[in-house]
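Accompanying notes for the structure given below.
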Amino acid sequence: MNADPQENDYHYQVMRRAIERIDAADGELLSLEQLSDEMQMSPAHFQRLFSRWAGVSPKRFQQYLALGHAKALLHERFTTLETAASAGLSGGGRLHDLFLRWEAMSPGAFARKGEGLEIAYGWFPSPFGEALAMGTDKGLCGLAFCDETGRDASFADMTSRWPNATFTEAPEQLEAPVKAAFNQSGQADLHLIGAPFQIKVWEALLTIPSGHVTTYSEIAQSIGHPKAVRAVGTAVGRNPISFLIPCHRALRKSGGLGGYHWGLPVKRAMLAWESAREEAKAS
């Protein structure tokens with residue numbers, strides 16, 4: 001990934017417009033010239049931009065943006081979470097080529113709704129549009145994406161999760177872990193703040209490798225509550241640290257995308273981006 005976050009954010013804005021254009025084509029494969037003309041760029045510049053952002057050509061990337069891509073992922077890259085865990089992908093394993101460590105807040109502390117917590121926050125450009133990052137002295141506790149919802153709604157959403165905490169705008173305190181997250185290098189500590197059931201679900205999500213997906217029912221099975229699929233879906237939707245706890249990799253058994261708290265275009269973009277970069281690494 002390019003190391004300049006502002007440039008990555010710009011790339012995402014172009015890609016977001018491209019998704020809308022590809023959807024409007026209703027399955028027709030658009031040429032490089034058609035897409036670049038829609039984006040008001042030269043074909044050469046558009047090709048370079050997409051290749052730097054996604055790792056593959058715009059033509060190939062269209063296939064990953066297709067609405068049927070989720071079904072293909074379930075067929076080709078479905079992850080059984082028990083297998084993922086036994087392969088050493090859980091409990092501090094590797095995710096996005098980024099080494100993550102995480103610590104969960106005690107149930108009693110969570111019940112106090114963040115009382116006594118000092119939470120720093122800041123706005124950062126990312127590969128998927130502007131992001132709102134939040135963190136305690138133990139690590140990142142929140143990561144939201146604002147392009148579909150807007151800044152005000154994203155901030156209100158995140159602060160409502162821990163209403164008794166103290167929030168201070170201090171982006172400088174978060175620069176290092178945010179840079180590690182979006183540049184996929186270094187180490188980022190996560191502070192999981194949620195109810196015990198939610199944390200079980202989030203820890204299961206952390207076992208899903210980049211470029212792979214699982215289902216809500218598979219997560220329910222893996223945490224010992226096979227009939228709690230609906231509750232699992234709710235917990236996935238309440239994941240406060242998007243992208244790093246990869247709730248975007250949870251799909252319906254039918255191959256449907258399911259929901260995404262920060263907007264389905266962002267979920268599709270993340271799945272396509274990860275698939276493209278897995279292909280680029282393998283080639």
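FYI, side chains are in, hydrogens and waters are out, and symmetry mates aren't considered; it's all heavy atoms of this structure. Since the structure is predicted, the reported quantities are computational estimates derived from the model, not experimental observations.
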(request) Please tell me if the side chains of Ile193 and Ile199 come closer than 4.5 Å, counting only heavy atoms from C-beta onward. (result) no
(message) Quick one: does any side-chain atom of Asp147 pair with a main-chain N or O of Phe128 as donor and acceptor, under 3.5 Å?
(response) no
(message) What's the separation between atom NZ in Lys113 and atom OG in Ser160, rounded to the nearest 0.5 Å?
(response) 10.5 Å
(request) Taking the six-membered ring for Trp and the single ring otherwise, decide whether the centroids of Phe110 and Trp162 are under 6.0 Å apart. (result) no
(message) Using a 6.0 Å cut-off, check whether atom CG of Asn164 has over 12 heavy atoms from anything other than its own residue.
(response) yes
(message) Test of understanding: with salt bridge (Lys or Arg N to Asp or Glu O under 4.0 Å), list the residues that count as partners of Arg17, not counting sequence neighbours.
(response) none
(message) Between Arg268 and His248, does the side-chain contact (heavy atoms from CB on, under 4.5 Å) criterion hold? Intermediate values first, please.
(response) CA-CA 8 Å; Arg268 289 178 62 198; His248 60 282; over 6 Å; no
(message) Tell me every residue that passes side-chain contact (heavy atoms from CB on, under 4.5 Å) with Ala176, counting only those two or more places apart in sequence or in another chain.
(response) none
(message) For Gln40, I'd like to know if atom CD has over 12 heavy atoms of other residues, nucleotides or ligands within 6.0 Å.
(response) no
(request) Using side-chain contact (heavy atoms from CB on, under 4.5 Å) as the criterion, list what pairs up with His212, not counting sequence neighbours. (result) Arg77, Thr79, Ile208, Pro209
(request) With sequence neighbours left out, write down each residue that passes side-chain contact (heavy atoms from CB on, under 4.5 Å) with Glu38, or none if nothing qualifies. (result) Arg21
(message) For Lys200, give me all partners under salt bridge (Lys or Arg N to Asp or Glu O under 4.0 Å), at least two apart in sequence or on another chain.
(response) none
(message) To check you understand the geometry: which heavy-atom pair defines the closest contact between Gly139 and His191, and what is its length?
(response) O-CB, 3.9 Å
(request) Measure across Ser126 and Gly129 and return the closest heavy-atom pair with its distance rounded to 0.1 Å. (result) OG-O, 2.5 Å
(message) Can you confirm whether Leu140 sits close enough to Asp189 that some side-chain heavy atom of one is under 4.5 Å from a side-chain heavy atom of the other?
(response) no
(request) Determine yes or no for a side-chain-to-main-chain donor-acceptor pair under 3.5 angstrom, with Thr168 supplying the side chain and Ala170 the backbone. (result) no
Distance-only donor-acceptor hits, side chain of residues 256-267, under 3.5 Å, sequence neighbours excluded:
unit_1 : atom_1 : unit_2 : atom_2 : d
His261 : NE2    : Asp157 : OD2    : 2.5
His261 : NE2    : Arg161 : NH2    : 3.4
Trp262 : NE1    : Ser242 : OG     : 2.8
Lys267 : NZ     : Ala250 : O      : 2.9
Lys267 : NZ     : Leu257 : O      : 2.4
Lys267 : NZ     : Gly259 : O      : 3.2

(request) Please confirm whether the backbone N or O of Ala235 pairs with a side-chain atom of Trp202, one donor and one acceptor, at under 3.5 Å? (result) yes
(message) Using every non-hydrogen atom in the two residues, find where Pro171 and Glu169 come nearest and quote the distance to one decimal.
(response) CD-C, 3.8 Å
(message) Measuring from atom CD of Gln34 to atom CG of Leu32, what distance do you get when rounded to the nearest 0.5 angstrom?
(response) 10.0 Å
(message) If you define the side chain from C-beta out and look only at heavy atoms, does anything of Leu29 sit under 4.5 Å from Lys59?
(response) yes
(request) Output the distance between atom OG1 (Thr215) and atom CZ (Arg249), rounded to the nearest 0.5 Å. (result) 15.0 Å
(request) Answer yes or no: is there a donor N or O on one side and an acceptor on the other, between the side chain of Thr234 and the main chain of Arg230, under 3.5 Å? (result) yes
(request) Sequence neighbours left out, what passes salt bridge (Lys or Arg N to Asp or Glu O under 4.0 Å) with Arg112? Give chain and number order. (result) none
(request) For the residue pair Arg238 and Cys247, establish whether any side-chain heavy-atom pair is separated by less than 4.5 Å. (result) no
(request) Provide the closest heavy-atom pair for Trp273 versus Trp53 in the form atom of the first, atom of the second, distance. (result) NE1-O, 3.0 Å
(message) Nearest 0.5 angstrom please: Glu103 CD to Cys141 SG, how far?
(response) 12.5 Å
(request) For Ser51 and Ser57, work out which heavy atoms get closest and say how close. (result) OG-CA, 4.1 Å
(request) Taking the side chain as every heavy atom from C-beta outward, state whether Leu251 and Thr214 have any atom pair closer than 4.5 Å. (result) no
(request) Taking Gln47 for its side chain and Ala44 for its backbone only, find out whether a donor-acceptor pair lies under 3.5 Å. (result) no
(request) Taking all heavy atoms of Ile241 and all of Gly142, pick out the closest pair and write down the distance. (result) CG1-N, 3.9 Å
(message) Checking Phe167 against Met134 for the side-chain contact (heavy atoms from CB on, under 4.5 Å) test, could you report, in this order, the C-alpha distance in whole Å, the side-chain angles of both residues, the deciding distance, and whether it holds?
(response) CA-CA 9 Å; Phe167 295 90; Met134 293 185 168; 3.9 Å; yes
(message) Please enumerate all residues that pass side-chain contact (heavy atoms from CB on, under 4.5 Å) together with Val229, with sequence neighbours excluded.
(response) Tyr216, Ser217, Ala220
(message) Any heavy-atom pair between the side chains of Leu143 and Ile245 that's under 4.5 Å?
(response) no
(message) Checking Leu49 against Met39 for the side-chain contact (heavy atoms from CB on, under 4.5 Å) test, could you report, in this order, the C-alpha distance in whole Å, the side-chain angles of both residues, the deciding distance, and whether it holds?
(response) CA-CA 11 Å; Leu49 184 150; Met39 300 304 110; over 6 Å; no
(request) Using ring-ring contact (aromatic ring centres under 6.0 Å, His included) as the criterion, list what pairs up with Phe145, not counting sequence neighbours. (result) none
(message) Do Leu35 and Asp37 have side chains that approach each other closer than 4.5 Å (heavy atoms only, starting at C-beta)?
(response) no
(message) Check this for me: does any side-chain nitrogen of one of Glu218 and Lys253 sit under 4.0 Å from a carboxylate oxygen of the other?
(response) no
(request) Please examine the side chains of Met41 and Phe50, heavy atoms only from C-beta on, and report whether any two atoms are closer than 4.5 Å. (result) no
For residues 114-124, run the donor-acceptor check on the side chains, cut-off 3.5 Å, and write out each pair with its distance to 0.1 Å, sequence neighbours left out.
none

(message) If the condition is salt bridge (Lys or Arg N to Asp or Glu O under 4.0 Å), which residues does Glu33 pass it with, not counting sequence neighbours?
(response) none
(message) Tell me every residue that passes ring-ring contact (aromatic ring centres under 6.0 Å, His included) with His225, counting only those two or more places apart in sequence or in another chain.
(response) Phe197
